[in-house]
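Note that ligands are numbered from 1 as they come in the structure, with each ligand's atoms numbered from 1 the same way.
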Amino acid sequence: MASLTLFEKIILGEIPAKKVYEDEWALAFYDINPQAPVHVLVIPKKKARNFSELSAWSHEEVAHYMNAIQKTIEILAIKEKGYRLVFNTGDFGGQSVDYLHAHILGGRSLSWPPG
Ligand code: AMP
């Protein structure tokens, strides 16, 4: 069996994480190396390696994941000021953990382009 990724271990509770939101479909927790005052990751409980693999999911499954991201944004109280959502994907996208995750970044004005 392939070894588990870091984020699967967080879902299983084998590695601790500071949780922001959790439901049947997804888990949100603070990034260990924050790039903004608010930096949270949202991962689905159903395995996907990256954003492109979402095309194999049902619309309902994708909606549940998006809903968890929305709920997390509400809990973080960053909706009014604004925020950035990022799905780093693959080598060129700078993805370092091979398990789908959305970065939610906020709490300050973010520069663009991202370098
Ligand atoms: P990416 O580069 O898009 O794959 O993002 C992976 C993110 O996971 C990085 O922002 C890391 O800081 C974050 N990270 C790595 N290990 C942990 C951990 N144990 N708990 C929370 N976040 C982590």
Side-chain angles (χ1 to χ4, degrees):
M1 197 177 106
S3 61
L4 295 176
T5 63
L6 176 66
F7 292 164
E8 287 165 288
K9 290 179 184 169
I10 286 178
I11 291 170
L12 293 170
E14 289 177 10
I15 290 178
K18 198 175 160 204
K19 290 181 190 177
V20 177
Y21 174 76
E22 181 169 19
D23 63 21
E24 190 186 339
W25 306 93
L27 173 64
F29 52 93
Y30 284 97
D31 195 293
I32 208 169
N33 183 22
Q35 302 302 311
V38 176
H39 188 173
V40 168
L41 303 174
V42 189
I43 59 176
K45 291 189 176 173
K46 173 169 169 155
K47 182 168 187 166
R49 284 185 306 164
N50 56 47
F51 188 81
S52 301
E53 288 195 358
L54 282 184
S55 59
W57 286 17
S58 71
H59 289 183
E60 196 191 0
E61 287 169 332
V62 174
H64 282 302
Y65 179 43
M66 291 300 135
N67 183 51
I69 295 172
Q70 294 276 11
K71 287 215 163 118
T72 303
I73 289 164
E74 274 168 31
I75 290 165
L76 293 169
I78 54 174
K79 225 162 119 174
E80 202 174 313
K81 286 274 190 182
Y83 53 87
R84 184 169 294 163
L85 261 188
V86 177
F87 289 93
N88 292 333
T89 305
D91 286 346
F92 276 20
Q95 183 176 4
S96 64
V97 179
D98 204 21
Y99 190 100
L100 176 63
H101 50 284
H103 292 260
I104 302 171
L105 297 142
R108 69 166 162 82
S109 180
L110 300 164
S111 61
W112 189 263

Student: Any sub-3.5 Å donor-acceptor pair from His103's side-chain atoms to His101's backbone N or O?
Tutor: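 Answer holds: no.
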Student: Please name all residues satisfying salt bridge (Lys or Arg N to Asp or Glu O under 4.0 Å) with Lys79, sequence neighbours left out, ordered by chain then number.
Tutor: Glu74
Student: Please list all pairs meeting ring-ring contact (aromatic ring centres under 6.0 Å, His included) that have one or both residues in residues 18-38, counting only residues at least two apart or in different chains.
Tutor: Phe7-Phe29, Trp25-His64
Student: Say whether, by atom type as modelled, one donor and one acceptor occur between the side chain of Glu8 and the main chain of Leu4 under 3.5 angstrom.
Tutor: no
Student: Distances only, to 0.1 Å: what are the N or O pairs between ligand 1 and the protein that fall under 3.5 Å?
Tutor:
| unit_1 | atom_1 | unit_2 | atom_2 | d |
| --- | --- | --- | --- | --- |
| ligand 1 | 2 (O) | Gly94 | O | 3.1 |
| ligand 1 | 2 (O) | Ser96 | N | 3.4 |
| ligand 1 | 2 (O) | Ser96 | OG | 3.0 |
| ligand 1 | 3 (O) | Asn88 | ND2 | 2.9 |
| ligand 1 | 3 (O) | His101 | NE2 | 2.8 |
| ligand 1 | 3 (O) | His103 | NE2 | 2.8 |
| ligand 1 | 4 (O) | Ser96 | N | 2.6 |
| ligand 1 | 4 (O) | Ser96 | OG | 3.1 |
| ligand 1 | 4 (O) | Val97 | N | 3.0 |
| ligand 1 | 4 (O) | His101 | NE2 | 2.9 |
| ligand 1 | 5 (O) | His101 | NE2 | 3.1 |
| ligand 1 | 5 (O) | His103 | NE2 | 3.3 |
| ligand 1 | 10 (O) | Asp31 | OD1 | 3.3 |
| ligand 1 | 10 (O) | Asp31 | OD2 | 2.5 |
| ligand 1 | 12 (O) | Asp31 | OD1 | 2.5 |
| ligand 1 | 22 (N) | Ile32 | N | 3.2 |

Student: Could you tell me if the side chain of Leu85 sits less than 4.5 Å from the side chain of Ile104, heavy atoms only?
Tutor: yes
Student: Which residues satisfy the salt bridge (Lys or Arg N to Asp or Glu O under 4.0 Å) test with Arg84, sequence neighbours excluded?
Tutor: none
